[in-house]
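Just below is one structure, and these are the notes that go with it.
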Amino acid sequence: MIDFHCHVDLYDRPKAVLREAVRRRCWLLAVTTTPVAWKGTCELVSSASRVRVAAGLHPELVATRYRELELLCSLCERTKYVGEVGLDGSKRHSSSMRRQREVFDGVLSACSALGGRVLSIHSRGAVSLVLDHLASHRDAGTPVLHWFSGTVEELWRARRAGCWFSVGPAMLRGEKGRRLVAAMPPDRVLTETDGPLARGPGRVPLFPWDVQEAERTIAGLWGTSVAAVRRQLLANLRRLATARG
Ligand code: MN
């Protein structure tokens with residue numbers, strides 16, 4: 001199992017979640033919402049196998065934390081994975097869009113200068129803008145659009161731009177999400193939960209192993225077995241992990 005976008009440090013009992021994820025042999029990308037959380041998250045996961053930590057600055061926090069861009073850029077030197085970064089165009093955060101774009105540009109430039117990174121990217125309400133930024137930083141590495149919620153046309157533009165996609169149970173619950181996933185290239189798809197921020201039925205936070213639900217839905221969309229989906233996802237992860245950026 002693969003949870004390629006999980007806020008491990010934000011669970012009520014992160015150590016217990018990690019223990020269970022390790023027991024179930026989940027591969028985890030622990031994304032962070034602020035670069036200040038990077039060190040603590042590294043310590044938290046230090047004894048866990050199959051876990052990587054990404055350095056990030058969530059677009060929803062940019063309004064108050066844009067001064068941490070410099071710290072984020074310095075952390076990019078120390079990790080192959082960067083996230084959660086990106087842009088949020090929803091009403092609540094549109095007033096910080098100028099800052100958001102400065103920060104996103106800054107981190108993409110840092111990744112380019114370092115030869116490329118793997119990026120877990122938030123693009124709610126701002127897919128076209130995110131793709132514009134990626135187009136002007138082609139050496140930033142491999143973009144993985146997390147919880148893609150744009151239009152089919154935007155999805156095709158993202159495909160052409162070489163983007164990957166991480167998709168989870170919350171996204172796959174809706175008809176629109178399922179249609180989008182069906183249009184994604186299977187060799188550039190990974191599973192995620194976005195837990196504990198994303199929740200399942202009954203408002204219970206999603207846990208890394210809940211990606212099983214996504215695997216079943218994807219198997220239906222691809223017209224294949226869960227075992228075949230898992231093989232494909234693991235092959236994708238291996239390719240991404242060995243890619244230069
Ligand atoms: Mn997230």
Side-chain angles (χ1 to χ4, degrees), residues 3-7 10 29-38 52-73 75-76 79-112 114 116-151 154-155 157-159 161-168 170-171 177 180 184 188-190 192-195 197-198 240 245:
D3 185 351
F4 202 72
H5 185 107
C6 183
H7 298 269
L10 301 183
L29 183 65
V31 293
T32 49
T33 54
T34 151
V36 174
W38 191 73
R52 300 292 179 271
V53 179
L57 178 46
H58 198 294
E60 292 177 11
L61 300 183
V62 161
T64 51
R65 292 184 172 267
Y66 60 91
R67 292 176 197 88
E68 293 172 26
L69 171 62
E70 208 174 317
L71 174 60
L72 175 62
C73 292
L75 293 180
C76 290
T79 173
K80 182 189 173 82
Y81 299 94
V82 174
E84 177 165 1
V85 295
L87 301 174
D88 190 300
S90 60
K91 257 205 188 101
R92 241 178 102 201
H93 302 286
S94 55
S95 60
S96 65
M97 187 48 86
R98 193 177 58 88
R99 287 259 194 243
Q100 288 188 44
R101 295 185 66 168
E102 281 167 19
V103 166
F104 193 38
D105 257 329
V107 69
L108 290 173
S109 300
C111 292
S112 300
L114 291 164
R117 292 292 182 261
V118 173
L119 299 120
S120 186
I121 299 177
H122 175 110
S123 60
R124 180 169 60 208
V127 173
S128 293
L129 271 182
V130 163
L131 295 175
D132 290 347
H133 280 252
L134 292 174
S136 44
H137 297 275
R138 289 193 192 281
D139 302 326
T142 309
V144 183
L145 301 183
H146 119 83
W147 198 333
F148 182 89
S149 58
T151 64
E154 287 169 332
L155 174 66
R157 185 180 166 206
R159 279 186 66 145
C163 292
W164 288 52
F165 304 89
S166 59
V167 304
M171 171 179 180
L180 288 168
M184 290 172 182
R188 281 188 263 148
V189 169
L190 294 168
E192 66 162 41
T193 60
D194 202 15
L197 304 179
L240 194 64

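When atom types are taken as modelled, the side chain of Thr32 and the backbone of Pro35 share no donor-acceptor pair closer than 3.5 angstrom. A donor-acceptor pair under 3.5 Å is formed between the side chain of Arg117 and the backbone N or O of Thr79. Under the 3.5 Å distance criterion, the side-chain polar atoms of Asp88 are left unmatched by any main-chain donor or acceptor of Pro59.
For the atom pair CG (Leu197) and CD (Glu84), the distance works out to 8.0 Å, reported to the nearest 0.5 Å. Note that the CE atom of Met171 and the OG atom of Ser149 stand 7.5 Å from one another [nearest 0.5 Å]. Distance CG/Leu134 to OG1/Thr142: 11.0 Å, rounded to 0.5 Å. Taken to the nearest 0.5 Å, the CG atom of Leu87 stands 12.5 Å off from the OG atom of Ser94.
Asp105 has its side chain within reach of His137: a pair of non-hydrogen atoms, C-beta onward, lies under 4.5 Å apart. Annotation: side chain of Asp132 is in contact with side chain of Arg157 (closest heavy-atom distance under 4.5 Å). Using a 4.5 Å cut-off on side-chain heavy atoms (C-beta onward), His7 and Asp194 make contact. For the pair Leu131 and Cys163, the minimum side-chain heavy-atom distance is below 4.5 Å. You'll find the side chain of Val62 stays beyond 4.5 Å of the side chain of Phe104, heavy atoms only. Side chains of Leu155 and Phe165 form a contact here, defined as non-hydrogen atoms less than 4.5 Å apart. Looking at Leu180 and Val167, their side chains never come closer than 4.5 Å, going by heavy atoms from C-beta outward. Leu119 places a side-chain heavy atom less than 4.5 Å from the side chain of Leu108.
Scanning all heavy atoms of the two residues, the minimum distance from Ala140 to Cys111 falls at O-CB, 3.4 Å. In plain terms, the two heavy atoms of Thr34 and Glu68 that are nearest each other are OG1-OE1, 2.6 Å. Shown here for His93 and Gln100, the closest heavy-atom pair between the two residues is O-NE2, 3.0 Å. The two residues Val36 and Arg65 make their nearest non-hydrogen contact at CG2-NH1, 4.3 Å.
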Apply side chain to side chain contact (heavy atoms under 4.5 Å, CB included) to Leu190 and Leu29, showing your working. CA-CA 11 Å; Leu190 294 168; Leu29 183 65; over 6 Å; no
Between Val82 and Val107, does the side chain to side chain contact (heavy atoms under 4.5 Å, CB included) criterion hold? Intermediate values first, please. CA-CA 9 Å; Val82 174; Val107 69; 3.9 Å; yes
Show, in sequence, the C-alpha distance, side-chain angles and deciding distance for Trp147 and Arg124, and conclude whether the side chain to side chain contact (heavy atoms under 4.5 Å, CB included) test is met. CA-CA 8 Å; Trp147 198 333; Arg124 180 169 60 208; over 6 Å; no
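For the residue pair Ser166 and His5, no side-chain donor N or O sits within less than 3.5 Å of a side-chain acceptor on the partner. When only modelled atom types and interatomic distance are considered, Glu192 and His146 share a side-chain donor-acceptor pair under 3.5 Å.
Environment of CD in Glu70: sparse, with no more than 12 heavy atoms of neighbouring residues, nucleotides or ligands closer than 6.0 Å.
In this structure, Tyr81 and Phe4 have perpendicular ring planes: the angle between them is above 60°, well past the 30° mark.
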